[in-house]
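Read through the structure below, which is laid out as structure tokens, and then see the notes.
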Amino acid sequence: MTVLVLLGAPGAGKGTQAPALAARLGVPILASGDLLRTAVAEGTELGREANRYMSRGQLVPDETIVRVFLKRLDAPDALGGAILDGFPRTRIQAEALDRALAAAGRRVALAGYIDVPLEDLVTRMANRRICSANGHVYNLVSNPPAIVGICDLDGSKLEQRVDDEGATVRARMVEQVPPLLEVVDYYRSLGVLKTVDGREDIESVAGALVSAIQPGPA
Ligand code: ADP
Ligand code: ADP
């Protein structure tokens, strides 16, 4: 049973790396951004609240995301473990996660921090494209699809995320990097942090993360 947290600034490569790790461990990916984008698309109360923050590049309030995400983590498919992509993003969220896991006799086995310099992140996000059906991640420069505008894996149309445009990208850096660094420090202090060089190509980053996975009880 392995709970693995993927940490990184917006655009660092969390969503890109999650599938290989999930396949390796045989556990689902729980991606907070996907969860929120689904709620926005469905126009639920959560979606309407979340969108007010997401469209400005701000973090959704801890109380809201903790409630929604921990409920998702409790679902039967995650009982054997999960890859957490995008949660926790603040120290408050990290502590709430630890409390919830501890109550169930679980813990975070590894926090993989994908470290990428800020100047690279802006370019990555500008060139990011996402498949409309399943959120598969592409990049016009570093990871293009075989056919322009079409997902290799499911044939759906590729789209640009609304928050990957202009001012929102810069706001996300300002708003989200400082709390991320606190979360990194938190997991370092617990002795479960593994930092990988996110400037390497996608395969090398995947290799570094996979080699960090320690088999054993968690
Ligand atoms: P995150 O989920 O952390 O926001 P993504 O996985 O969506 O990041 O990656 C952001 C963008 O950078 C995407 O366009 C992705 O294809 C690209 N990307 C991811 N990892 C790398 C890498 N190691 N080198 C170059 N580009 C990458
Ligand atoms: P990125 O790929 O840029 O890291 P995500 O897809 O993970 O972004 O998240 C998109 C947006 O959803 C964030 O900019 C933020 O507004 C919101 N969000 C996602 N996860 C969280 C979280 N754990 N806490 C607060 N807000 C979140």
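In listed order, ligands and their atoms are each counted from 1.
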Legend entry - Option of least heavy-atom distance to atom 23 (N) of ligand 1 (set: Glu203, His136, Glu200):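 The nearest heavy atom belongs to Glu200.
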Per-residue contact class, [X] against ligand 2 - non-hydrogen pairs under 4.0 Å:
{"X": "Arg161", "answer": "side chain"}
{"X": "Val60", "answer": "both"}
{"X": "Leu59", "answer": "both"}

Inset, instruction - Could you tell me whether Thr16 and ligand 1 have an N or O pair separated by under 3.5 Å? - result: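 For ligand 1, there is an N or O atom that lies under 3.5 Å from one belonging to Thr16.
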For [atom], what's the nearest protein heavy-atom neighbour? Residue, atom name and distance, please.
{"atom": "atom 24 (N) of ligand 2", "value": "Gln93 NE2, 3.0 Å"}
{"atom": "atom 15 (C) of ligand 2", "value": "Gln58 O, 3.6 Å"}
{"atom": "atom 14 (O) of ligand 2", "value": "Gln176 NE2, 2.8 Å"}
{"atom": "atom 2 (O) of ligand 1", "value": "Gly15 N, 2.8 Å"}
{"atom": "atom 17 (C) of ligand 2", "value": "Leu36 CD1, 3.6 Å"}
{"atom": "atom 20 (N) of ligand 2", "value": "Ser32 OG, 2.7 Å"}
{"atom": "atom 3 (O) of ligand 2", "value": "Arg172 NH2, 2.6 Å"}
{"atom": "atom 22 (C) of ligand 2", "value": "Arg89 CD, 3.5 Å"}

Legend entry - ligand 1-proximal atoms of Ile130, by part, heavy-atom distance under 4.0 Å: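 Neither; no heavy atom under 4.0 Å.
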Inset, instruction - Quick one: look at Met125 and ligand 1, take heavy-atom pairs under 4.0 Å, and tell me if it's side chain, backbone, both or neither. - result: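 Near ligand 1, Met125 shows nothing, with every heavy atom at 4.0 Å or more.
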Do the side chains of [X] and [Y] get close enough for a salt bridge, i.e. N-O under 4.0 angstrom?
{"X": "Glu63", "Y": "Arg67", "result": "no"}
{"X": "Asp34", "Y": "Arg37", "result": "yes"}
{"X": "Asp77", "Y": "Arg72", "result": "yes"}

Inset, instruction - Please identify each residue that fulfils side chain to side chain contact (heavy atoms under 4.5 Å, CB included) with Pro61, with sequence neighbours left out. - result: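 For Pro61 the side chain to side chain contact (heavy atoms under 4.5 Å, CB included) partners, ignoring immediate neighbours, are Glu49, Tyr53, Thr64.
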Inset, instruction - Report the residues that fulfil side chain to side chain contact (heavy atoms under 4.5 Å, CB included) with Thr168, sequence neighbours left out, ordered by chain and then residue number. - result: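 Side chain to side chain contact (heavy atoms under 4.5 Å, CB included) check on Thr168 returns Asp163, Arg172.
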Inset, instruction - Would you tell me whether Arg89 and Gln176 have side-chain atoms, one donor and one acceptor, within less than 3.5 Å of each other? - result: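 Gln176 and Arg89 do have a side-chain donor-acceptor pair below 3.5 Å.
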Inset, instruction - List every atom of ligand 1 that sits less than 4.0 Å from any heavy atom of Gly198, numbering the atoms from 1 in the order shown and giving each element. - result: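 So the atoms of ligand 1 that pass are 23 (N).
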Inset, instruction - Decide whether the shortest distance between a heavy atom of Arg128 and an atom of ligand 2 is less than 4.0 Å. - result: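 The answer is yes, since Arg128 has a heavy atom less than 4.0 Å from ligand 2.
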Inset, instruction - Say whether Arg37 and ligand 2 are in contact under the criterion: heavy-atom distance to a ligand atom below 4.0 Å. - result: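 It does; at least one heavy atom falls under 4.0 Å.
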Legend entry - Separation of Tyr187 OH from Thr195 OG1 (nearest 0.5 Å):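 Nearest 0.5 Å value for the OG1-OH distance: 13.5 Å.
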